[in-house]
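Read the structure below first, then the notes.
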Amino acid sequence: MFRRTFWFTAGAAAGVWATTKVNRKIKQLTPESLAAQAADKAVEAGHRLKEFALDVKAGMAQRETELGEALGLEARNDPQAVEYRRVAALDHTKHSYNRNEDH
C-alpha cells in the first residue's frame, strides 16, 4: 500500500511539474510575448550601439589630441585657428583634382 501511495504521489508531482513547464512555454510563444521579447532585444541592442558610438567618439577625441600633441598643434581650441583650418581645408580654388574638368 505504501508503494502505491508513493508512486501515485510521484506521478502526480511529475504531472504538475510537466503541466507547469508546458504552460510557461506556451505563454512564451504567444504573439504578444514574442513581440515584447523582440522589443526588449531591440532596446538592448540600441543601448549597446549607443555605448559603442560613445566609446568610438571618446577614442577619436583622445587620438586627435595625441596627434595634435605629436604634430605640435597647440592652438587647437582657438576658435580663429579652427575656422582658419576649416576654410583652408575646404578651399578648392588653389588645387583642383577634378578628373572631369576640361584641360
Check: Tell me the salt bridge (charged side-chain N to carboxylate O under 4.0 Å, His left out) pairs involving residues 19-46, sequence neighbours left out?
Finding: Glu44-Arg48

Item checked: Spacing of Glu64 atom CD and Glu66 atom CD [to the nearest 0.5 Å] -> 11.0 Å

Margin query: When you group the ILVMFWY residues by side-chain heavy-atom contacts below 4.5 Å and let the links chain together, are Phe52 and Met60 in the same group?
Written below: yes

Margin query: Taking Thr5's backbone N and O only, do any of them form a donor-acceptor pair with Thr9's side chain (distance below 3.5 Å, no angle check)?
Written below: yes

Check: What pair of heavy atoms forms the shortest contact from Leu34 to Leu29, and how long is it?
Finding: CD1-O, 3.7 Å

Note to self: Minimum heavy-atom separation for Gln28 and Gln37, please, with both atom names.
What the structure shows: O-NE2, 3.9 Å

Margin query: Using modelled atom types and a 3.5 Å cut-off, is there a donor and acceptor pairing between side-chain atoms of Thr30 and backbone atoms of Ile26?
Written below: no

